[in-house]
Amino acid sequence: MKKKVLSVLSLSIAFWMNAQEKDSLNKNKIEEVVITGQYTQQAINKSIYKVEVIDAEQIKNMAATNAADVLNQTLNIQITPNTNSGNSTANIMGLGGNYVKILIDNIPVVGDTGLGSNIDLTKISLSNIERIEIVKGSMGVEYGNGALAGVINIITKKNSSKKLSIRAAVQEETVRDGYDIKKKGKGRHIQNLNVAYNLDEHWFANISFNHNQFMGYEGDKGGYKYFGEKQIRGYEWNPKDQYEVNALVRYTKNKTSFFYKVSYLNEKFNFYNPVSIREPLNDGQGGATYLASDREYNTDRWLHQFNIQTNLGHIRYMGDFSYQKQDRKFFDYTYDIPNRNTLSEKPENSYYKTDVIYSRGMFSNFLDNKKFDFQLGYELDYTNGFASLIAGDFFDKSVKRKIFTYGTFVSAEWNVSDKVSLRPGARLSVSENFDNQFNYSLSARLKTSENSNLRGVFGTANRYPTYDELYTYFVNLNHDIQGNPDLKPENGYSLGVFWDQGFTIGDGWKFNYNLEALYVDLKDKIEMVMIQRPSTYKYMNIDKYRSLLFGANANIVKDQFTFGLRTSLNGISVSKQDMDIKSPTDFQYNFQAGANISYKLKNIHTGFNIYYKYTGPSRLYVLEADGFQIGKNDGFHMMDFIVSQPFWKERLELSVGVKNIFDVTSINSSTNAGNAHTAGADRLNLYYGRSYFARLMYQF
């Protein structure tokens with residue numbers, strides 16, 4: 001009932017308002033700009049870094065509802081889901097979420113275990129997104145801890161070309177072959193509403209609401225109602241329900257602007273135990289019921305951000321101040337399955353709790369010189385909280401932590417000529433828990449013609465150990481698994497070369513292509529290793545990791561037609577050690593390819609969009625009983641097809657389509673050798689299969 005009310009309410013508000021011109025989302029762009037890694041907002045072709053941009057129009061055409069949906073279409077970014085926790089994190093060039101910095105409006109976003117790293121991308125909705133910027137490679141000077149594999153910066157909307165702008169949408173999806181809008185039904189149900197208002201020429205306000213309910217996917221299991229001798233109760237993908245509200249107020253006058261933004265997220269995630277236990281009723285008639293010990297997680301996340309940009313004389317200052325809080329709670333309860341009621345509940349406890357006070361400031365334009373200038377910056381991160389049930393379900397004592405990290409960085413930009421620019425940079429990071437970390441970088445851009453650039457980027461980055469790696473303690477008769485408080489930060493660097501070229505072929509055809517080569521080298525990688533047979537494990541700085549990427553991309557545009565083609569070859573070398581056994585260090589390569597086709601009919605404006613991605617087989621050395629052996633993940637194909645039709649002077653739009661056309665769910669995998677407390681699996685869960693959707697959107 002709640003879903004129906006929200007759906008009707010969202011659309012009713014939209015239809016009630018007086019229609020105005022089409023949303024600025026669809027207006028012609030004068031020049032695409034980026035902010036990631038820049039002194040100030042910069043035209044993308046003038047950026048010293050190679051920045052990949054996914055704009056709001058592309059996101060809308062994909063019918064994506066969260067950041068994970070969008071990034072899954074990007075080559076060399078694999079979204080890694082955890083069906084037990086409900087979290088999905090980004091993997092870039094084989095490096096997991098701990099090595100990818102996730103930002104919202106240039107600020108690292110809080111997660112369960114820290115700031116900016118290993119963030120659940122399904123918790124980032126797209127109802128108020130302007131664009132997503134991606135920079136691959138080490139960005140340790142600009143963004144500090146954890147920015148080794150790259151940075152993903154999610155930019156929200158902060159202006160509108162109209163006095164009043166309202167957008168409302170309802171999206172209904174099947175989950176493979178299941179759909180039912182009723183409570184405890186099936187499918188995926190999304191509603192969002194965005195209202196933007198220019199109070200006057202200086203003040204702008206925006207508020208958005210998003211609801212995303214995923215009813216779970218049973219797969220080969222029997223759902224939460226199942227009971228019996230087989231241990232198949234529950235879901236392959238557990239249900240979760242998200243609500244998110246965002247509000248922003250922005251002021252702009254002359255060379256000064258500031259905004260305050262607040263965001264609140266609530267997520268409920270249900271874990272249904274696959275084991276049900278037969279419990280006699282002792283009624284004298286042999287009656288029995290079936291009980292299960294289930295768990296419910298509830299996450300609350302608050303993000304407060306204040307940003308100011310102003311001039312102090314001719315010096316440009318940009319400052320960010322934020323307070324963020326995420327609390328992931330849980331409670332266990334005993335569920336009577338046949339009678340559909342809860343018999344008992346345990347008190348609710350925090351699983352992970354993190355409070356962060358964060359500030360980042362940059363001073364630039366000291367010399368007010370277009371040929372040479374420099375930037376000074378600082379970053380403060382004070383994290384307070386605790387991790388309960390450290391590293392899993394096996395330890396019930398909270399580990400409190402207060403970590404203060406301070407970083408100061410400097411970079412200079414030298415425009416040697418109209419065609420050559422250089423930017424060296426350095427950062428010193430100071431932590432009360434670890435030795436001082438020093439990172440440095442050097443970037444260069446050569447303008448080879450009016451529409452082509454050659455970029456070279458070198459940078460270093462470090463990653464501090466996580467709380468699990470430092471504090472895990474799981475010791476009993478069968479296990480001895482311990483963290484290591486003496487761990488030192490991981491350190492690595494990347495070296496990249498990027499070439500892009502664009503030109504007009506003739507008769508309105510536009511063509512551009514780019515080539516890229518990127519090398520990442522990481523030492524002192526932290527892994528859990530066996531230090532004493534048969535079952536004594538400890539986290540140690542022992543492994544080395546290298547990744548080599550070659551990519552080629554091309555785009556053709558004419559009028560209402562767009563065709564894009566992307567290819568990449570990624571090689572990974574991991575040096576692992578376990579007791580006296582070492583792994584080979586040769587590179588194992590993975591090929592990926594992607595394509596997108598977009599076409600819009602001239603008269604009726606019907607839009608057709610196809611998105612395709614092929615991920616080839618990948619190989620990785622894993623530890624078996626007789627030493628390190630090659631494990632393999634099968635390759636797979638992904639394709640989405642979406643058709644959109646605008647009505648009523650393009651204020652109303654209906655979109656329908658099919659996602660995951662090839663019905664990918666899981667793939668064969670022999671790379672999961674398991675670890676000290678979990679067994680390896682021969683299947684790797686990726687998606688829940690083919691789904692169909694319909695979206696109705698009203699905007700003016």
Side-chain angles (χ1 to χ4, degrees), residues 32-44 47-56 67 71 90 100-111 114-117 119 121 124 126 128-147 150-159 206 246 248-250 252 256-263 303-310 316-324 356-365 375-381 405 407-411 413 423 425 427 429 439 441 443 459 461:
E32 193 168 35
V33 296
V34 294
I35 66 171
T36 306
Q38 313 301 316
Y39 284 7
T40 59
Q41 186 169 271
Q42 182 75 275
I44 189 170
S47 167
I48 198 82
Y49 293 105
K50 174 60 179 176
V51 183
E52 182 179 348
V53 177
I54 305 171
D55 63 24
L71 295 172
V100 182
K101 200 83 167 185
I102 306 297
L103 316 173
I104 296 181
D105 292 323
N106 232 25
I107 291 294
V109 60
V110 68
L115 192 68
S117 298
I119 302 301
L121 293 168
I124 301 177
L126 302 175
N128 191 38
I129 298 298
E130 181 176 293
R131 65 188 184 275
I132 298 174
E133 299 178 359
I134 303 169
V135 180
K136 295 180 179 130
S138 299
M139 297 284 286
V141 170
E142 288 81 2
Y143 295 106
N145 172 48
V151 169
I152 298 172
N153 197 0
I154 297 161
I155 313 300
T156 61
K157 294 179 182 178
K158 302 176 192 68
N159 54 53
N206 176 291
N246 299 277
L248 174 140
V249 176
R250 183 172 186 255
T252 305
T256 297
S257 68
F258 63 81
F259 70 81
Y260 168 72
K261 185 180 66 174
V262 60
S263 172
L303 279 70
H304 300 266
Q305 179 183 356
F306 177 78
N307 170 279
I308 183 169
Q309 300 182 46
T310 190
R316 186 70 176 164
Y317 171 69
M318 182 173 70
D320 280 292
F321 308 86
S322 75
Y323 170 69
Q324 304 183 43
V356 179
I357 298 173
Y358 177 87
S359 178
R360 185 172 188 262
M362 294 182 294
F363 299 86
S364 59
N365 199 43
Q375 171 186 258
L376 292 175
Y378 69 88
E379 184 179 50
L380 300 171
D381 173 5
T405 303
T408 183
F409 54 95
V410 60
S411 65
E413 191 158 303
R423 186 193 288 182
R427 168 189 282 250
S429 296
N439 291 303
S441 64
S443 305

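Sequence positions, counted from 1, serve as the residue numbers for this chain. What's counted below: heavy atoms across the whole structure, side chains too, no hydrogens, waters or symmetry copies.
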Note to self: Walk me through whether Val356 and Tyr323 qualify under side-chain contact (heavy atoms from CB on, under 4.5 Å).
What the structure shows: CA-CA 6 Å; Val356 179; Tyr323 170 69; over 6 Å; no
Notebook entry, point to check: What are the two closest non-hydrogen atoms of Arg131 and Val33, and how far apart are they?
Noted result: NE-O, 3.3 Å
Note to self: Could you measure the distance from the CG atom of Leu380 to the CD1 atom of Ile357? Nearest 0.5 Å is fine.
What the structure shows: 10.0 Å
Margin query: Check this for me: does any side-chain nitrogen of one of Glu130 and Lys157 sit under 4.0 Å from a carboxylate oxygen of the other?
Written below: no
Note to self: Can you list everything that forms a side-chain contact (heavy atoms from CB on, under 4.5 Å) with Gln375? Sequence neighbours excluded, please.
What the structure shows: Tyr39, Met362, Ser364, Phe409, Ser411
Checklist line | Lys50 side chain to Val135 backbone, donor-acceptor under 3.5 Å | finding: no
Next item on the list: Decide side-chain contact (heavy atoms from CB on, under 4.5 Å) for Asn206 and Thr156; before the verdict, give the C-alpha distance in whole Å, the side-chain angles of both, and the deciding distance to 0.1 Å.
Entry: CA-CA 11 Å; Asn206 176 291; Thr156 61; over 6 Å; no
Check: Given Val53 and Val34, is the side-chain contact (heavy atoms from CB on, under 4.5 Å) satisfied, shown in steps?
Finding: CA-CA 8 Å; Val53 177; Val34 294; 3.5 Å; yes
Next item on the list: Locate the shortest heavy-atom distance separating Gly361 from Tyr317; write the atom from each residue and the value.
Entry: CA-CE1, 4.3 Å
Item checked: Between Ser263 and Asn246: side-chain donor-acceptor atoms closer than 3.5 Å -> yes
Next item on the list: Check step by step if side-chain contact (heavy atoms from CB on, under 4.5 Å) holds for Arg316 and Gln309.
Entry: CA-CA 7 Å; Arg316 186 70 176 164; Gln309 300 182 46; 3.6 Å; yes
Next item on the list: Write down the atom of Ala90, the atom of Ile152, and the distance for their closest heavy-atom approach.
Entry: CB-CD1, 4.2 Å
Next item on the list: Would you please name every residue forming a side-chain contact (heavy atoms from CB on, under 4.5 Å) with Asn106, sequence neighbours left out?
Entry: Ile35, Leu103, Tyr143, Asn153, Met318, Arg360
Margin query: Using 0.5 Å steps for rounding, measure from the CG atom of Asn159 to the CG atom of Leu248.
Written below: 10.0 Å
Next item on the list: Apply side-chain contact (heavy atoms from CB on, under 4.5 Å) to Val262 and list each qualifying residue two or more places apart in sequence or on a separate chain.
Entry: Ala247, Tyr260, Trp302, His304
Next item on the list: Apply side-chain hydrogen bond (donor to acceptor under 3.5 Å, both in side chains) to Asp320 and list each qualifying residue two or more places apart in sequence or on a separate chain.
Entry: Gln305, Asn307
Check: For the side chain of Gln324 and the backbone of Val110, is there at least one donor-acceptor N/O pair under 3.5 Å apart?
Finding: yes
Margin query: Holding to side-chain hydrogen bond (donor to acceptor under 3.5 Å, both in side chains), I want the full list of residues that pass it with Glu142, two or more places apart in sequence or in another chain.
Written below: Tyr49
Next item on the list: Kindly give the heavy-atom pair with the smallest separation between Gly146 and Ser117, and that separation in Å.
Entry: CA-OG, 4.1 Å
Checklist line | Minimum-distance pair of heavy atoms, taken over all atoms of Arg427 and Val141 | finding: NE-O, 2.8 Å
Check: Any cation-pi pair here, Lys158 with Phe259, using under 6.0 Å and within 45°?
Finding: yes
Check: Where the side chain of Asn439 meets the backbone of Gly144, is there a donor-acceptor pair that is under 3.5 Å apart?
Finding: no
Checklist line | Residues in side-chain contact (heavy atoms from CB on, under 4.5 Å) contact with Thr252, at least two apart in sequence or another chain | finding: Arg250, Ser257
Next item on the list: Answer yes or no: is there a donor N or O on one side and an acceptor on the other, between the side chain of Ser322 and the main chain of Leu303, under 3.5 Å?
Entry: no
Next item on the list: Determine, step by step, whether Thr405 and Asp381 satisfy the side chain to side chain donor-acceptor pair (under 3.5 Å) criterion, reporting the C-alpha distance in whole Å, the side-chain angles of both residues, the deciding distance to 0.1 Å, and the verdict.
Entry: CA-CA 5 Å; Thr405 303; Asp381 173 5; 5.0 Å; no
Check: In Å, rounded to the nearest 0.5 Å, how long is the span from CD1 of Ile154 to CG of Leu121?
Finding: 6.5 Å
Margin query: Nearest 0.5 Å, please: how far is OG1 in Thr408 from CD in Glu379?
Written below: 10.5 Å
Notebook entry, point to check: Roughly how far apart are Ile104 CD1 and Ile129 CD1, rounded to 0.5 Å?
Noted result: 7.0 Å
Item checked: CD1-CD1 distance between Ile54 and Ile155, expressed to the nearest 0.5 angstrom -> 12.0 Å
Next item on the list: Quick one: closest heavy-atom pair of Gly459 and Ser138, and the distance?
Entry: O-CB, 3.4 Å
